[in-house]
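For reference, the structure discussed in these notes is given below.
Throughout, protein chains are lettered first and strands after them, A, B, ... in sequence-line order, and every chain is numbered starting at 1.
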Amino acid sequence: MKKLMVVCLLLTAVLGSAWAEETAPPPGADKIVSTLNSGDTAWVIMATALVMMMTPAGLALFYGGMSRYKNLLNTFAMTIASYCIGSVVWVMWGYTLAFGPDKGGIIGGLDNLFMAGIGVNSLSGTIPTIVFALFQMTFAAITVALVLGSIVDRMKFSAWLVFAVLWITLVYCPIAHWVWGNGWMMSMGALDFAGGNVVHINAGVAGLVLALVLGKRIGYGKEAMFPSSISLTALGAALLWFGWFGFNAGSRLAADGVAASAFLVTNTSAAMAGLAWMLAEWIHNKRPTVLGIASGIVAGLVAITPAAGYVNLLGALIIGLVAGVFGFFSVAILKHKIGYDDSLDAFGVHGMCGAWGAVATGLFADPKIMDSARGLFFGNPKQLGIQLLSILATALYTAVATFIVIKVTGLLTGGLRVSREEEIQGLDNAIHGERAFEIS
Amino acid sequence: MKKIEAIIKPFKLDEVKAALNEIGVAGMTVTEAKGFGRQRGHKEIYRGAEYQVDFIPKMKLEIVVVEPMVEAVVKIILEKANTGSIGDGKIFILPVEQAVRIRTGESGKEAL
C-alpha cells in the first residue's frame, strides 16, 4: 500500500510538472465553428473507410484464425454479417436513436429516422453530418461484431443475426447516446474519446453474458481446441491496428494536432502492450507466442481507445504496459480459474482492457492535450470517480439489457444454440455447407 | 526382396534420399505420417489453454530392395537420419513376396 502511494506521488510529480509548464490556449480555440472544413472532412471520410475495414477484414481474420478449423467460415460469416446488419440498422433507425435530438439524456429522438432531415449541406461541427453518421455507423457495426468473439463455435447463425439487430438497437444505441449524443454520461463529464465504454466495455460484458447463457462448448477444458491459423490472426491484428488509426485519430472529427496526438498515443500503446503481453507470457509459459503478441497489440489498442485524445506519451506508455500484462492475466490465468468459456476472449481483452483504459483516462488525462480533460495525476481526482461510475453504469446496463435481448432472441429463433451433431460436425459445413480449406 | 520401412524426422528426408540415391536405390515411397514413441508428444499453450499434442509429424519411407542391399540401406538411414536426440524414429524390415511393374508386367527384382 505504501509502495503504491509512493508510485502515485511520483507519477503525480512527473505528469504534474508537465502540466505546470502548460501555456494558456489561444483565445477562441473552443469556439464552435459551423462552416465546412475540407481538411477535416477529407480526414474523417478516410478514417471512416479505415474503421470499416476493421470489421469484415481485421476482426474477421483475427477471430477466424483463432476459431477451430471447422468453424472458421462461420466466424467470418458472423463478422461480415454483423457489418452488413450494423450498416442497415444504423441508417434506418440506429443513428437517430443515438444521435437524434436528446430525450431526457436517455435516448435520441426519432427525427432522423432513415436519415430524414440530413442533406448534403447539413453539418456536424466542421464536417457533413452524412460523414459523421457514416463514421459512427462503423463503430456500431464493429461493436456488435466484437461480441461474437465470446460465443464462436456454438451459436445458431439465425440467432446471431436476430441478436445483432436487437442488440445494436437496444444496447449500443442508448449507450452511444449517453456518452457521445448529449446523454447523461456526457453531461456528467465522463471521458470516452473513441469508445472505451461505448465499444469495448459494452461488447466485452455483452459477450460474457452471452457466453454464460449459451454455456460451454462441447469438450471445453477436456479436448484440445486448436486455433485454425495463427497466421490469419496475426494478419487480422495488423489490419485492426492499421484501422485503429482511423478509429482513434478519426474520433477527433478534425484534422488537427489532437488527432495527431491520438495517432501517436494509439501506436505507442499498441506497441508497448504487444511487447508487454509477449514478455509476460515468455516469463510465465517459457514461450513468446505469436498469438500473445497479436493479443497484446489488440489489448493495447483497446485500452488507449477512451484515452486517445486526452493522454500524453508517458500516459500511453503506461496504459500499454499495463494493458499487455493485465490482458494476459485476464485471459490466460483468471478465465481458467473462474471457468467460463469466452471462446476468443471478447470479455478478457475488450471488457477488461476497456475498463482499464477508462480508469486510466481518469488518471492520465492531460489538459495540455485537451484543456477540458484533466485526470487525477493532473490535480482532478473527481474525474476518476466519474470514470468509475461510467464503467459501472455501462457494465450494469449492458449486462441486464443484453440478457433481455438474448431471451427475446431465443424465443424468436427457437433456441440460441446449434444441435450437438452440428457442433461436433463443425458449423462451416453444418450451417453454410462450405469448407474453409481444400487440403488434398 | 525386403521392404524397409523407416520413420524419420521430416527435416532429415532430403539427406537420406540423396544418400540412398548414391548407392543405387532406384525408388521409394514417402508419406507424411504422425505418431509417437518414446518421445511422446509436447504441450502447446494458447492464451493459457494448455493442450497435449500426442502425435508428432514424421516421415515414413518405404523402400523395396533386393536382399543384398538391405544392410547398406539400413546403414545409410542409421547414419543420415540420426540426430542423437530422442524421436529419431525406427526402421522395420519386412519380407516381400512379389513385386510387379504395372506398365510392363515384369516381376521379381526386374520390377524394382
Inspect the surroundings of [atom1] in [X] and state if more than 12 heavy atoms from other residues, nucleotides or ligands are less than 6.0 Å away.
X         : atom1 : result
Glu32(B)  : CD    : no
Tyr220(A) : OH    : yes
Lys216(A) : NZ    : no
Glu106(B) : CD    : yes
Arg287(A) : CZ    : no

* Report yes if some heavy atom in the side chain of Glu223(A) is under 4.5 Å from a heavy atom in the side chain of Tyr51(B); otherwise report no. =>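 A side-chain contact under 4.5 Å is absent here.
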* Side chain proximity check, Phe226(A) to Glu44(B), heavy atoms < 4.5 angstrom ->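 Side-chain contact under 4.5 Å: yes.
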* To do: Find the distance between OH (Tyr46(B)) and CE (Met66(A)) and round it off to the nearest 0.5 Å.
  =>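 Separation between the atoms: 12.5 Å.
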* Give, for atom OG1 of Thr289(A) and atom CZ of Arg47(B), the distance between the pair rounded to the nearest 0.5 Å. =>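 Rounded to the nearest 0.5 Å, the OG1-CZ separation comes to 9.0 Å.
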* To do: Report, by ascending residue number, the residues of residues 335-349 of chain A in heavy-atom contact with chain B at a distance under 4.5 Å; give 'none' if the set is empty.
  =>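 The stretch touches chain B at His336(A), Leu344(A), Asp345(A), Val349(A).
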